[in-house]
Structure formats: C-alpha cells, structure tokens
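Here the structure is laid out as structure tokens; the discussion comes afterwards.
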Amino acid sequence: MRLVQTDNLVILRKKYIEVIEQTPDFMRNVRWIYGQHPKDEMIQNYMDNGEMYALMNGNEIVGMVAVVMHQDDNYKAVPWQADLRNDEVATIHILAICPEYQGRSLGIQLINQIEKLSKNNGKKAVRLDVLKSNIPARKMYERAGYSLRGEQKLYAENTGITDFLFYEKIF
C-alpha cells in the first residue's frame, strides 16, 4: 500500500459515491451526502492545493483522504493538549476506505502514512473532527492513538447543526 497525491476528480467522485452507497450503516454513522459533503468543489480545491491523496494497492485506489498542512482558525476553540500554531498542525478530512477493502485495518495504515507525511512536513500534531455518531471512525482513531480533546455543535450542509468530536495525536 502506498499513499500518493491524486488529481482525478472523476475517479474520486465515483469512489466516494461507492463508499456512501455501499458501506453498511453509512447514513446512520457518517451521514455524508455527495454533493453536500463531500462535493466536487471541495475535492477540486484539495487537489488544486496538493492536499488530496489516494491509498493505492497496485493501480487500484482503496482509500482517499485530504491532508491539509495547517488547521483552520475554528479549531482554535478546542482545548488541545498542545498549544500549537495553525501551521504546526496537519488536519485530516474526508477519509474513506472503499467498501470492498473495509475491515482490513487499511484505515489505520492510511493514518500511519498521514502521520509520516505530516512529520516529514515538520508538523507537531495531526488533528481531525468527526461526527459524534460515527462510532466506527472514532474507534479507529482511538486505536491509532488519537485522543479525544473536545466536542462542539457545528453546522454542516449534510447534517445541519450536529455534534462533532475533535481528536489529536502529538508527535
């Protein structure tokens, strides 16, 4: 498995839609609706900024993620373990494993590769937010050594106002 930058919107759109439509309990846990979250403009922006990655098995995409080498100001309200500047942190967004590869610990492998990428870019921590309802993702992040640092009600186009949890791993 290897993590590579990718810039093929057509393939990524297809893969995200497969994840949404074919993952059991996806709408209960994750509640993504393609076109609201994620949407083409979001993925294109990540690609334009060199932040969109694919986990590859040979020539096949088995997972996707955006890795941003900073955190947005809205993350500053969370009681993080370390008081770091926005540019000292990498953030994970829209992480997904293709349905036929789920249950094989590829999410953990992807997170490990994100951490290596972040360290190589001089970051001191990786942070992320996840819906409180997304129990499978929360368990995966906790197994990967991430600690829960806070909870906030936030608005998302696909969910409305809902509870988000914030996780952090410091290097």
Side-chain angles (χ1 to χ4, degrees), residues 3-9 11-20 23 26 29-56 61-78 80 84 86-98 102 106-121 123-134 136-142 144-159 162-169:
L3 189 64
V4 298
Q5 280 190 319
T6 187
D7 64 355
N8 192 323
L9 180 60
I11 291 174
L12 290 176
R13 177 190 307 122
K14 180 180 179 240
K15 291 292 187 177
Y16 276 110
I17 290 170
E18 285 175 9
V19 169
I20 291 166
T23 301
F26 194 85
N29 294 323
V30 185
R31 299 170 26 200
W32 287 355
I33 300 169
Y34 199 90
Q36 292 181 357
H37 184 86
K39 55 185 166 184
D40 287 351
E41 298 83 6
M42 172 192 299
I43 294 170
Q44 186 66 54
N45 186 53
Y46 288 135
M47 289 186 307
D48 291 346
N49 292 325
E51 300 166 334
M52 196 72 221
Y53 294 86
L55 183 64
M56 304 297 294
I61 294 176
V62 300
M64 303 79 62
V65 66
V67 183
V68 179
M69 292 298 156
H70 66 276
Q71 69 180 6
D72 293 331
D73 283 336
N74 60 351
Y75 271 44
K76 281 298 197 183
V78 176
W80 302 111
L84 300 172
N86 288 352
D87 65 350
E88 294 179 306
V89 176
T91 54
I92 297 173
H93 302 279
I94 61 173
L95 186 151
I97 301 296
C98 295
Q102 293 173 5
L106 294 182
I108 298 284
Q109 288 183 35
L110 182 54
I111 291 167
N112 291 338
Q113 292 191 30
I114 291 166
E115 292 168 5
K116 288 177 190 173
L117 175 69
S118 300
K119 288 176 188 176
N120 289 342
N121 280 276
K123 304 306 170 190
K124 297 179 179 177
V126 174
R127 294 176 177 164
L128 61 101
D129 62 80
V130 63
L131 287 177
K132 188 174 184 178
S133 62
N134 193 347
R138 291 171 48 194
K139 287 180 179 179
M140 177 185 68
Y141 292 125
E142 291 166 8
Y146 285 71
S147 59
L148 177 62
R149 301 303 305 164
E151 180 176 340
Q152 292 182 15
K153 286 193 179 299
L154 298 173
Y155 174 81
E157 191 174 347
N158 58 309
T159 62
T162 193
D163 293 320
F164 282 82
L165 300 179
F166 294 83
Y167 285 85
E168 170 182 57
K169 186 170 187 181

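Everything numeric in this text was worked out from a predicted model, so none of it was measured.
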Q: Step by step, work out the side chain to side chain contact (heavy atoms under 4.5 Å, CB included) result for Phe164 and Thr162.
A: CA-CA 6 Å; Phe164 282 82; Thr162 193; 3.4 Å; yes
For the backbone of [Y] and the side chain of [X], can you confirm whether one donor and one acceptor N or O come within less than 3.5 Å of each other?
X      : Y      : value
Arg127 : Phe166 : no
Gln113 : Leu3   : yes
Glu157 : His37  : no
Lys169 : Ala144 : yes
Tyr16  : Ile94  : yes
Asn158 : Arg31  : yes
Lys123 : Asp87  : yes

Sub-4.5 Å side-chain heavy-atom contact between [X] and [Y]:
X      : Y     : answer
Met64  : Ile43 : no
Tyr141 : Leu95 : yes
Val67  : Glu51 : no
Tyr167 : Ile92 : no

Taking all atoms of both residues into account, what is the closest heavy-atom pair of [X] and [Y], and its distance?
X      : Y      : value
Leu117 : Asn121 : O-ND2, 2.8 Å
Cys98  : Val19  : CA-CG2, 3.9 Å
Ala77  : Gln152 : CB-NE2, 3.6 Å
Met140 : Ile111 : CE-CD1, 3.8 Å
Met47  : Thr6   : CG-O, 3.5 Å

(Q) Checking Met56 against Ile61 for the side chain to side chain contact (heavy atoms under 4.5 Å, CB included) test, could you report, in this order, the C-alpha distance in whole Å, the side-chain angles of both residues, the deciding distance, and whether it holds? (A) CA-CA 5 Å; Met56 304 297 294; Ile61 294 176; 3.5 Å; yes
To the nearest 0.5 Å, tell me how far [X] [atom1] sits from [Y] [atom2].
X      : Y      : atom1 : atom2 : result
Lys15  : Leu12  : NZ    : CG    : 9.5 Å
Glu41  : Leu9   : CD    : CG    : 9.0 Å
Leu128 : Leu165 : CG    : CG    : 9.5 Å
Thr159 : Trp32  : OG1   : CH2   : 12.5 Å
Leu106 : Asn112 : CG    : CG    : 11.0 Å
Arg138 : Leu131 : CZ    : CG    : 10.0 Å

Q.
Does Lys139 have more than 12 heavy atoms from other residues, nucleotides or ligands lying within 6.0 Å of its NZ?
A.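 At most 12 heavy atoms, drawn from other residues, nucleotides or ligands, come within 6.0 Å of this atom.
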Q: Would you mind telling me which of Gln71, His70, Lys124, Met69 makes a side-chain contact (heavy atoms from CB on, under 4.5 Å) with Val89?
A: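 Of Gln71, His70, Lys124, Met69, side-chain contact (heavy atoms from CB on, under 4.5 Å) with Val89 is met by Gln71 alone.
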Q: From the options Thr91, Asn86, Asp129, select the one residue that forms a side-chain hydrogen bond (donor to acceptor under 3.5 Å, both in side chains) with Tyr75.
A: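 Of the listed options, the one satisfying the test is Asp129.
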Q: For Asp48 and Gln44, test the side chains for any donor-to-acceptor distance below 3.5 angstrom and give the result as yes or no.
A: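 A pair is found: one side chain offers a donor N or O, the other an acceptor, under 3.5 Å apart.
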Q) Can Arg13 and Asp40 be said to form a side chain to side chain contact (heavy atoms under 4.5 Å, CB included), step by step? A) CA-CA 7 Å; Arg13 177 190 307 122; Asp40 287 351; 2.9 Å; yes
Q. Can we say Lys119 and Glu115 salt-bridge, meaning some charged N sits less than 4.0 Å from an Asp/Glu carboxylate O?
A.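 No, this pair does not count.
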